[in-house]
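In each ligand, atom 1 is the first atom listed, and ligand 1 is the first ligand listed. Predicted, not measured: the structure shown is a model, and the values here were computed from it.
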Amino acid sequence: MLKPEFWKGKKVFVTGHTGFKGSWLCLWLEQLGAKVTGYALDPPSNPSLFEMAGIARTVDSHRGDVTDRAAMEKVLVAASPDIVIHMAAQSLVRYSYDNPVETFSTNVMGTVNVLDIAHRVPTIKAVVIVTSDKCYHNVEWVWGYRETDRLGGHDPYSGSKGAAELVVQAFQSSFYGKEKGIAAVGSARAGNVIGGGDWALDRLVPDIVRSLLKNEPTLIRNPQATRPWQHVLEPLHGYLMLAERLYTDGHEFASGWNFGPPESSEKTVGWIIEQLYELWGVTFPWTRDLNPGPPECTFLKLDASKAHAHLGWRPKLDLPTTLDWIVKWTRRYEAGDDMRKVSNADIERFMSLKPHA
Ligand SMILES: NC(=O)c1ccc[n+]([C@@H]2O[C@H](COP(=O)([O-])OP(=O)(O)OC[C@H]3O[C@@H](n4cnc5c(N)ncnc54)[C@H](O)[C@@H]3O)[C@@H](O)[C@H]2O)c1
């Protein structure tokens with residue numbers, strides 16, 4: 001389990017704090033009593049959880065590009081953090097087909113820059129690099145990928161995340177490590193993260209939420225595609241647990257970690273939309289989008305045995321509860337409630353739960 005007392009007063013540098021996962025992470029870290037410095041471009045969507053939860057009111061928030069090494073170094077050195085969590089990325093698969101150079105530049109060189117700066121900052125003891133389940137070479141098999149499986153990627157986004165993993169390995173063995181007495185680096189792989197506050201384009205749940213709020217049918221591309229879905233707080237819980245262990249136990253945790261949901265969370269896109277429509281109380285049918293778009297992998301799941309065994313990380317929310325939380329969060333947003341309070345209440349409730357699987 002996460003140790004709340006560990007985080008009290010810790011200085012944490014978060015990249016990508018204006019994004020979906022970054023905003024939730026900032027709220028969580030604040031609740032734990034950490035002091036957060038954020039570095040990212042503008043929020044990638046409008047609306048955004050970053051704006052609606054007023055993250056900049058309490059986080060030392062800096063706007064900057066991770067490909068601008070000098071600008072990021074200035075902020076990181078001034079922050080002199082204990083822990084770095086690197087999440088800034090061009091995070092969309094479809095967008096990456098149209099913008100491969102930007103995707104590789106941000107996701108690969110951004111990671112190079114973070115790691116190249118961080119090993120020179122003496123206060124830093126732990127670095128978590130967030131990549132993706134898509135970092136694996138997808139051979140379309142039915143088994144979950146293990147951390148030791150081959151890296152790869154058939155599209156620019158996935159390739160950039162596989163490449164970011166190679167960057168982590170090279171920096172870990174060249175510039176970090178026990179013998180050098182400096183920070184330990186771990187990489188975190190998760191995917192198909194869903195939750196209130198995601199407004200990204202071309203992601204299933206945001207597409208559904210947008211259409212529900214407009215009372216219009218959702219356009220669905222691949223209703224038969226199966227994905228392992230998980231609430232955003234699940235992988236964030238994993239990143240925090242990993243950071244804790246990297247900080248306290250060091251280099252034995254310096255490797256890749258999968259944070260994937262249990263098999264019961266593997267459901268089709270069609271199943272997800274039907275559940276969300278039912279919870280929202282919608283009676284009209286969704287619509288099939290006949291434009292298939294660029295190719296998408298059919299199935300990819302993670303084997304999270306290593307995180308279960310060595311970090312003690314386990315999922316807490318089953319999929320029906322996850323969808324219920326999303327609908328309740330969105331109803332509160334629709335009602336104009338204070339979304340900082342609503343999101344903080346979800347985090348508190350999540351922390352109080354026991355692992356379910
Ligand atoms: N959401 C998911 O389902 C999912 C799944 C697997 C992995 N991930 C990974 O988790 C991380 C966070 O994802 P998210 O869903 O919050 O993404 P997001 O798109 O909501 O946020 C991305 C963040 O990165 C920042 N950013 C983008 N390009 C940047 C640049 N060049 N310089 C500085 N900042 C930049 C944005 O401003 C934003 O703060 C990413 O690394 C993403 O690849 C997400």
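- Distance from atom 29 (C) of ligand 1 to its nearest protein heavy atom, with residue and atom name: L41 CD1, 3.4 Å.
- Ranking protein heavy atoms by distance to atom 32 (N) of ligand 1, first place goes to V66 N, 2.8 Å.
- From the protein, the heavy atom lying nearest to atom 3 (O) of ligand 1 is V193 N, 3.1 Å.
- What sits closest to atom 18 (P) of ligand 1 on the protein, heavy atoms only, is S91 OG, 3.6 Å.
- Only the backbone of D42 comes within 4.0 Å of ligand 1, judged by heavy-atom distances.
- Under the 4.0 Å criterion applied to side-chain N and carboxylate O atoms, R340 and E30 are assigned as salt-bridge partners.
- When Q230, M72, R203 are ranked by how near their heavy atoms come to atom 15 (O) of ligand 1, first place goes to R203.
- Close approach of ligand 1 to F20 is summarised as follows: ligand atoms under 4.0 Å from at least one heavy atom of the residue are 15 (O), 16 (O), 20 (O).
- For ligand 1 and Y157, the ligand atoms under 4.0 Å from any heavy atom of the residue are 7 (C), 8 (N), 42 (C), 43 (O).
- Stacking of R245 on the aromatic ring of W257 is not recorded, the 6.0 Å distance cut-off and the 45° axial limit not both being met.
- In this structure, E165 pairs ionically with R189, as a charged nitrogen and a carboxylate oxygen lie closer than 4.0 Å.
- Close contacts of ligand 1 with M87, meaning ligand atoms under 4.0 Å from a residue heavy atom, involve 11 (C), 12 (C), 40 (C), 41 (O).
- A salt bridge is defined here as a Lys NZ or Arg NE, NH1 or NH2 lying under 4.0 Å from an Asp or Glu carboxylate O, and E263 with K301 meets this definition.
- For W7 and Q31, the side-chain atoms include no donor-acceptor pair closer than 3.5 Å.
- Ligand 1 lies nowhere less than 4.0 angstrom from a heavy atom belonging to L92.
- The closest approach between any non-hydrogen atom of D65 and ligand 1 is below 4.0 Å.
- With hydrogens left out, the protein atom closest to atom 21 (O) of ligand 1 is G19 CA, 3.3 Å, a heavy atom.
- Criterion: ILVMFWY side-chain heavy atoms under 4.5 Å apart, direct or through other members. Under it, L25 and V75 are not part of a common hydrophobic cluster.
- In summary, R203 and D207 do not engage in a salt bridge, as defined by a charged side-chain N under 4.0 Å from a carboxylate O.
- At least one heavy atom of A190 sits less than 4.0 Å from an atom of ligand 1.
- In terms of protein heavy-atom proximity, atom 13 (O) of ligand 1 is closest to K21 CD, 3.7 Å.
- The protein non-hydrogen atom at the shortest distance from atom 7 (C) of ligand 1 is T131 O, 3.2 Å.
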Could you go through residues 274-285 and list every donor-acceptor pair under 3.5 Å that involves a side-chain atom there, pairing it with any protein atom two or more places apart or in another chain?
| unit_1 | atom_1 | unit_2 | atom_2 | d |
| --- | --- | --- | --- | --- |
| Y277 | OH | T218 | N | 2.9 |
| Y277 | OH | T218 | OG1 | 2.8 |

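- Applying the 4.0 Å criterion to heavy atoms of G191 picks out, from ligand 1, the atoms 5 (C), 6 (C).
- With T106, T103, V14 as candidates, the residue nearest to atom 28 (N) of ligand 1 on a non-hydrogen basis is T106.
- Taking the six-membered ring for Trp and the full ring otherwise, H137 and H154 have centroids separated by under 6.0 Å.
- Close to ligand 1: K161, with a non-hydrogen atom less than 4.0 angstrom away.
- Heavy-atom proximity to G64, at under 4.0 Å, picks out these atoms of ligand 1: 32 (N), 33 (C).
- In summary, R331 and E334 engage in a salt bridge, as defined by a charged side-chain N under 4.0 Å from a carboxylate O.
- At least one heavy atom of P44 lies less than 4.0 angstrom from ligand 1.
- Stacking of K10 on the aromatic ring of F6 is recorded, both the 6.0 Å distance cut-off and the 45° axial limit being met.
- Listed by chain and number, the residues in a salt bridge (charged side-chain N to carboxylate O under 4.0 Å, His left out) with D42 are R63 (sequence neighbours excluded).
- Of the options A89, G16, C135, A188, the smallest heavy-atom separation from atom 22 (C) of ligand 1 is shown by A89.
- Near T18, meaning under 4.0 Å from one of its heavy atoms, ligand 1 places the atoms 36 (C), 37 (O), 38 (C), 39 (O).
- For the pair K316 and F350, the cation sits on the ring face: its NZ or CZ lies under 6.0 Å from the ring centre, inside 45° of the axis.
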